[in-house]
Amino acid sequence: MFKSIFAMAACALVLTSAGAYAAQTQSPPILIKFAHVVADNTPKGQGALLFKRLVEERLGGKVKVEVYANSSLYGDANELQALRNNDVQLLAPSLAKFEKYTKQLQVFDLPFLFDDLNAVNRFQKRAKGRQLLRVMEDQDIVGLAYWHNGMKQLSANKALLMPGDAAGLRFRIQPSSVLEAQFKQLHATAQVLPFAEVFDALKNTKVQGAENPWSNIYSKQLHTVQPFITETNHGVLDYMLVSNSRFWYAIPHRIRSELEGIIDEVTYEVNRQAEAANQADRLRIAASGKSRLITLDEQQRAAWRQAMQPVWQQFEQEIGADVIKAAQTVNRKQRD
Ligand code: SIN
């Protein structure tokens with residue numbers, strides 16, 4: 001009797017676990033839609049595709065990733081709201097595009113704050129940079145990583161050698177008050193436009209200039225409608241990989257840990273290759289003969305830096321003096 005009760009209980013247990021297992025294996029995979037606004041052949045485009053490949057290799061059946069490039073699902077105007085509504089689960093907007101949710105990330109837009117991408121990298125890895133990944137959690141946006149694109153160059157329909165040369169021109173900007181103020185310092189005007197509209201706006205001279213890293217210029221063929229590009233390296237265009245915090249923390253712990261491991265790997269690859277990708281695109285642009293590349297000498301570069309410097313003071317309070325100070329310490333070169 002006792003034996004048969006035990007056998008029945010054991011059988012029930014197996015069935016229950018098997019049922020749970022079956023339910024688990026039959027449950028549909030977690031769907032992650034990853035939307036972005038650039039082309040596949042850019043650091044971010046490549047990062048998104050690598051993320052998809054690694055997730056499907058390692059978590060196939062449990063997690064499915066769909067990548068939507070070139071603003072094909074959401075564009076600049078609505079992607080962050082779509083993330084907050086959980087209509088899309090991963091984005092990597094440029095750091096300039098978070099102003100509505102936090103002022104602190106505007107530190108990345110301050111002109112001539114970072115000497116180069118290595119300095120940006122050091123800031124992102126240090127405590128203050130890490131803290132900034134979390135500053136939008138109260139608005140359901142969690143930062144998972146920083147991804148590099150590169151330093152920005154100024155392009156225009158005329159040669160820009162000195163800051164005064166930009167006066168009177170209209171430049172396309174991302175939605176950032178810092179970038180608006182930067183062009184105001186040059187006696188130019190700024191117009192916010194979604195990335196998807198930049199090529200047409202330059203082509204039909206709705207705007208006469210723009211600021212972009214080489215990879216964005218080349219992948220969108222902006223050099224074919226901008227006869228001059230000045231190698232200013234005056235600011236950085238990097239990304240924050242973000243998810244909806246409610247979605248992200250609801251993913252079962254084991255799966256989320258695996259996803260975080262994959263994100264670390266992809267981040268390492270994106271950031272390792274971004275500078276080389278930008279330099280390769282710079283060479284392609286130079287070889288195209290469509291745009292003249294202008295290199296600044298030390299004196300000219302100092303004049304641009306000086307012209308834009310007042311922007312730092314203007315935004316110090318909003319961004320936080322502590323954040324700016326932490327960013328300044330990452331440059332290796334000594335400045336006066
Ligand atoms: C991007 O690289 O995601 C686009 C940045 C821009 O809007 O200029």
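Both counts, for ligands and for their atoms, begin at 1 and track the order of listing.
For the atom pair Arg256 CZ and Ile30 CD1, the distance stands at 10.0 Å (nearest 0.5 Å). Distance CZ/Arg84 to CG/Asn78: 13.5 Å, rounded to 0.5 Å.
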Between Val88 and Phe34, does a side-chain contact (heavy atoms from CB on, under 4.5 Å) hold up when you go through it step by step?
CA-CA 7 Å; Val88 61; Phe34 187 163; over 6 Å; no
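Ligand 1 has Lys44 within reach: a non-hydrogen atom of the residue lies less than 4.0 Å from it. Under the 4.0 angstrom criterion for non-hydrogen atoms, Glu211 is not in contact with ligand 1.
Exactly one of Arg126, Glu275, His148 qualifies for a side-chain contact (heavy atoms from CB on, under 4.5 Å) with Asn121. That residue is His148.
Some N or O of Arg172 is nearer than 3.5 Å to an N or O of ligand 1, by distance alone. An N or O contact shorter than 3.5 Å links Lys97 to ligand 1 by distance.
Set against the non-hydrogen atoms of Leu237, the atoms of ligand 1 under 4.0 Å away are 2 (O), 5 (C), 8 (O).
Not counting sequence neighbours, the partners of Glu211 by the salt bridge (charged side-chain N to carboxylate O under 4.0 Å, His left out) test are Lys152. Among residues two or more places apart in sequence or in another chain, the side-chain hydrogen bond (donor to acceptor under 3.5 Å, both in side chains) test is passed with Gln314 by none.
Counting protein heavy atoms only, atom 2 (O) of ligand 1 is closest to Tyr239 OH, 2.5 Å.
Contact annotation for Asn216 and ligand 1: only side-chain heavy atoms (C-beta onward) come within less than 4.0 Å of the ligand.
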